[in-house]
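Atom set for the values below is all heavy atoms of this structure, side chains included, hydrogens, waters and symmetry mates excluded.
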Amino acid sequence: MIKAILIFNNHGKPRLSKFYEHYSEDTEQQIIRETFHLVSKRDENVCNFLEGGMLIGGSDNKLIYRHYATLYFVFCVDSSESELGILDLIQVFVETLDKCFENVCELDLIFHVDKVHHILSEMVMGGMVLETNMNEIITHVDAQNKMEKSEAGIAGAPARAVSAVKNMNLPEIPKNINIGDISIKVPNLPSFK
Amino acid sequence: MALKIVKGSIDRMFDKNLQDLVRGIRNHKEDEAKYISTCIDEIKQELKQDNIAVKANAVCKLTYLQMLGYDVSWAAFNIVEVMSSSKFTYKVSCSQLQLQSVDAVLITTIINSVSLPLVTQDLSSPNQYDTGVALTGLSCFVTPDLARDLASDIMTLMSHTKPYIRKKAVLIMYKVFLKYPESLRPAFPRLKEKLEDPDPGVQSAAVNVICELARRNPKNYLSLAPLFFKLMTSSTNNWVLIKIIKLFGALTPLEPRLGKKLIEPLTNLIHRALDLLYGMVSKKNLMEIVKKLMLHVDKAEGTTYRDELLTKIIDICSQSNYQYITNFEWYISILVELTRLEGTRHGHLIASQMLDVAIRVKAIRVFAVAQMATLLDNGHLLTGNMQRNGICEVLYAAAWICGEFSEHLEDPMQTLEAMLRPKVATLPGHIQAVYVQNAAKLFATVLRKQEGTTDSLAAQETSQLLIDRLPLFVQSANLEVQERASCILQLVKYIQKLQQKEVEVAEEVTALFAGELNPVAPKAQKKVPVPDGLDLDAWINEPPSESESEDEKPKAIFTKEEPKHTRPRHTEVDEKELARRREARKQEQANNPFYIKTSPSSQKVYQDQPGVEHIPVVQIDLSVPLKVPGMPMSDQYLKLEEERRQKERSERKKKEKKKKREKHGRGRRADSGPESEEDITPAHHVDIVTEEMPEVCWVLLQWPLTDNEKLPVRTHRPAEAVKSPVEAGNGESATPEPKKKKEKKKDKERKVDLSSLTVYLTLFFSHIVYDVQGNLQDGSQVVVSVIFENKTDHFLKSMEFNVLDSLNSKLQRPEGSSPHDGLAVPFQLPPGVSNEARFVFSVQSIVMPQKLKGTLTFIVKTEDASTHEKLDFKLHFTCTSYLITTPCYSDAYAKLLESGELKSSSLKLEGVIMPFHHLLARICFHHHFSVVERIDSCASMYSRSIQGHHVCLLVKTVSTQRVPCLEWMSSILESTR
């Protein structure tokens with residue numbers, strides 16, 4: 001079983017968290033912090049698996065992670081999962097994100113966390129792996145996106161227009177933030193794949 | 001009303017959506033908490049509105065806030081409300097929310113009462129994504145009550161037409177089982193059914209669920225093992241494979257038999273992993289990786305897997321010219337460590353690595369030599385179990401390295417002593433040969449050292465040691481060993497004589513082995529400049545004329561002959577004849593679909609020739625019906641052979657006419673029929689065969705092989721043994737005798753069925769009869785048909801036939817099996833039943849008889865028990881086993897005898913009392929001869945070996961005493977290379 005899927009950046013800012021077991025909000029935050037602490041101090045060339053932290057299941061638990069550019073993708077799993085299998089799953093996840101967002105970068109995850117959730121829900125359901133075939137995942141995600149658009153129809157049009165206007169400023173906003181938040185390298189956003 | 005809607009959507013335009021919220025939070029770095037609390041207030045307002053779109057937007061933002069760690073459980077009711085919306089978009093956002101966090105207190109009841117109808121309604125939606133989202137949502141907040149109420153609905157969904165729904169339903173069943181265990185029993189059959197679902201996604205989901213279930217209680221899932229085994233061998237989905245292996249990991253402790261079954265598929269997977277290692281190594285991690293692998297080697301249980309690891313280690317280390325090895329001492333030690341593996345069949349691989357490294361890495365020689373000397377010293381440990389031992393091959397390398405680089409040896413005397421121990425004689429011949437040769441090298445080194453110290457006595461003692469020990473090898477059955485040993489023994493004896501005269505010999509002895517062996521790069525030849533005046537493209541000898549090379553070609557399929565010997569013959573043929581023959585040949589080539597299949601070397605000759613019209617491809621006449629592809633090869637060869645003979649016969653007739661014209665000029669030789677030379681073309685080149693006399697006669701079948709039964713030429717024996725009795729035999733043998741019997745009648749020719757020596761072995765449990773037959777297709781193969789007869793009252797099964805290979809004869813085993821593996825007999829034997837199995841042996845030399853030891857293992861099944869039994873047997877391959885009954889025309893026979901190229905020998909047998917024609921019949925039947933001609937109590941017989949040797953036999957009864965006298969001749973065709 002997969003217990004949780006976490007994505008956070010090099011500074012430990014959560015970009016996506018999905019818990020398949022119930023924890024209180026506080027515990028969840030603690031888990032994220034602890035995981036970041038465990039993962040971030042590891043060298044680039046060391047093993048991608050490690051014993052899970054105390055909070056999330058203890059010794060039966062494993063953290064499997066990959067580090068792409070500015071982001072850490074961490075899967076917390078129990079002993080019934082294979083490390084290599086999960087590592088492969090992370091790769092599938094990232095490749096799928098890359099296809100859906102066309103050269104995905106951290107900003108995509110920040111502003112479209114709902115979409116990332118959609119994609120994830122096509123791969124993992126209730127802590128169990130649902131689909132590992134990327135084409136299959138993308139087919140279903142695309143089909144659902146189409147449905148959403150057609151549902152919104154005319155009623156959604158003004159909202160979409162407004163959001164389009166708002167989005168026009170999008171590239172500039174991070175630049176302002178960038179002063180305080182070094183993690184986002186805006187000038188040429190590296191694809192983290 | 002309309003106004004309200006418009007107002008609603010205009011309001012919406014200015015509501016914060018998720019992106020606004022994210023942006024807002026990022027803009028309020030300093031007072032994030034304050035900003036979010038205002039946002040939450042806004043969301044609360046939004047949730048209070050009637051507009052479901054607004055509510056959905058609010059829920060969407062809540063999802064984000066929840067991730068950031070804000071409590072959203074207060075909104076549970078609204079979330080469920082949005083969930084019930086008919087619009088897909090809104091539901092999606094809800095399903096993302098970790099609703100279970102809501103599940104805490106009182107609200108549980110709300111969810112249960114509210115969500116049940118909503119979810120049920122969605123589950124039956126015609127849109128697969130509506131249902132899908134409902135299922136995803138459900139996976140987050142299944143409660144025992146929900147599970148109980150929805151179990152049957154979800155079970156129905158497991159058989160939905162859409163695989164997308166099916167796989168989700170299957171997965172969610174796991175959650176249902178957890179919350180409502182009673183549902184497991186009724187749902188299980190359907191779940192099991194899903195393991196064989198046509199959709200791989202559904203299959204994988206089912207595997208996932210069952211694996212999770214089995215982790216909790218493996219025992220209940222043992223019955224699924226065969227199904228999973230099938231999946232494991234057929235599935236290509238890595239995820240499924242991994243899961244199944246995990247599952248088997250839980251099942252094997254409960255069912256030990258499973259472990260055995262899993263070995264094969266699992267080793268396949270491990271091999272894949274090992275292949276990855278190959279690409280992973282670098283200079284840095286090589287030692288580490290090899291160390292880990294060595295640990296596995298120690299732990300490995302099956303020899304096959306261990307051997308696999310061993311080859312992998314060597315592959316990894318030796319890849320790209322030892323690119324990753326930084327320390328060769330380490331590598332040598334690894335190799336030496338590997339020699340401690342028992343029963344590996346990769347001894348030769350280790351040996352070749354040792355040789356390669358020692359030769360190519362000069363700096364390592366001192367170390368290598370020291371290690372090898374230890375190996376030799378402990379040689380008895382490696383040869384302990386000869387039966388399944390490939391590891392003794394390393395002694396080959398060890399002996400060679402110690403000998404070649406003996407100057408580095410610390411104590412050469414000790415090594416020399418180790419190499420001459422009597423135990424060495426039990427090693428395979430080729431290793432003994434190296435031992436003997438390198439003992440001589442060591443001897444040279446020792447001599448030099450000892451003479452240096454002016455201790456002449458010690459030097460003489462060393463010589464004596466060799467003289468004492470070498471005779472052991474001189475007696476060896478292996479020709480190579482014998483030859484070398486006898487040569488070196490004489491040399492040492494001579495040296496000893498010199499030593500006794502106090503002559504210093506060390507220098508000269510060392511000179512025998514002077515010269516250092518240097519490694520040569522594979523491309524080194526290219527770097528050597530071509531000397532001036534040497535034109536590599538120029539012909540050294542002009543190529544043979546077209547006609548001649550063409551002439552050879554069809555024959556070359558069967559026999560390797562040297563063109564040289566036929567060439568002079570053609571000088572007798574005039575141009576007209578040549579032209580006619582060329583025409584005939586072209587005709588034949590056009591009709592012969594195999595024509596282009598001749599050996600590449602002869603094709604090459606073609607390419608060098610200018611005449612384009614001779615390129616065979618052009619000449620294929622497509623109207624000629626091609627041979628049926630399924631036809632067995634041997635038949636094709638037979639046909640070809642027939643064609644060829646026919647052709648030759650007709651040619652011979654033509655030639656005969658022609659010759660007759662010349663006859664007068666050429667004298668009396670003509671009456672002996674020059675055409676016979678054509679008849680048996682392969683006889684151009686004749687050599688001696690060492691054939692045993694007794695084998696020719698059935699009566700003497702059991703005679704042991706003695707020295708005087710061999711011809712001397714090909715055997716090597718010590719000088720004192722050379723007084724060959726055969727020489728005397730040769731003197732007596734009346735070669736003219738057969739010549740006199742040239743006036744033949746062809747009708748006397750007899751054909752005898754192809755069949756051969758049968759020996760009966762009565763055995764305790766079963767009865768084996770075997771029959772050895774040459775293989776027409778392949779000169780190096782014989783087929784042994786063994787008839788197994790069960791004479792017991794019990795059922796025999798799992799029979800395995802194994803033969804201990806000799807250097808000369810090897811049982812052909814399927815590719816990839818080790819030379820010690822037995823072959824399974826493809827049937828079982830009920831009591832009293834017999835059946836035949838065939839085994840193919842490859843033989844190198846057919847001029848020596850062979851006895852192969854073998855064992856047959858089988859299981860005897862009695863009523864209450866079954867026991868494992870073993871039966872030892874011997875297979876006798878006599879020289880006549882390799883003969884194939886071949887009819888011979890009397891004139892050809894005469895020509896053959898006349899050629900004078902056959903060696904002959906004769907033998908008198910006494911006490912044979914059977915009638916002469918019985919004797920002939922027996923020889924024909926058991927030894928594959930055919931009678932060429934019989935006159936009274938005198939008969940000439942002919943046979944041919946699978947490698948094309950002619951064997952002629954003259955049997956006659958010496959009048960009064962009725963003693964058959966056998967005269968025999970044979971020939972061996974020298975190979976053209």
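Between A/Y72 and A/Y65, the ring planes are tilted. Angles from 30° to 60° get that label. In this pair, A/F73 and A/F93 present their aromatic rings perpendicular. The plane angle is above 60°, beyond the 30 to 60° band.
For B/K168, the parts sitting under 4.5 Å from any heavy atom of chain A are the backbone and the side chain alike. Using a 4.5 Å cut-off between heavy atoms, A/D78 contacts chain B through its side chain alone, with no backbone atom that close. Proximity to chain A involves both the backbone and the side chain of B/K167, based on heavy atoms less than 4.5 angstrom apart. Contact annotation for B/I242: only side-chain heavy atoms (C-beta onward) come within less than 4.5 Å of a heavy atom of chain A. Neither the backbone nor the side chain of B/V202 comes within less than 4.5 Å of any heavy atom in chain A. For A/E81, the parts lying near chain B are the backbone and the side chain together; criterion is any non-hydrogen pair under 4.5 Å. For a residue to count as touching a neighbouring chain, one of its non-hydrogen atoms must lie under 4.5 Å from one of that chain's; by this rule A/S82 touches chain B with backbone and side chain alike. For A/L6, no part sits under 4.5 Å from any heavy atom of chain B, backbone or side chain. In this structure, no portion of A/S24 lies under 4.5 Å from any heavy atom of chain B.
Contacts with chain B were tallied for A/D26, A/D88, A/N133, A/L16; A/L16 has the most, counting heavy-atom pairs under 4.5 Å. Counting heavy-atom pairs closer than 4.5 Å to chain B, the top residue among A/Q29, A/E131, A/E136 is A/Q29.
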Criterion salt bridge (Lys or Arg N to Asp or Glu O under 4.0 Å) on B/D197 and B/R166, from CA distance to verdict:
CA-CA 10 Å; B/D197 196 279; B/R166 286 208 301 270; 2.9 Å; yes

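In this structure, the separation between CE on A/M125 and CD1 on B/I172 is 4.0 Å, given to the nearest 0.5 Å.
For the residue pair A/E95 and A/Q91, a side-chain donor N or O sits within less than 3.5 Å of a side-chain acceptor on the partner.
Salt bridge annotation for A/K62-A/E51: absent, with no cationic side-chain nitrogen under 4.0 angstrom from a carboxylate oxygen.
For B/Q203, the side-chain contact (heavy atoms from CB on, under 4.5 Å) partners are B/L231, not counting sequence neighbours. Residues meeting the side chain to side chain donor-acceptor pair (under 3.5 Å) test with B/N285, sequence neighbours left out: B/S282.
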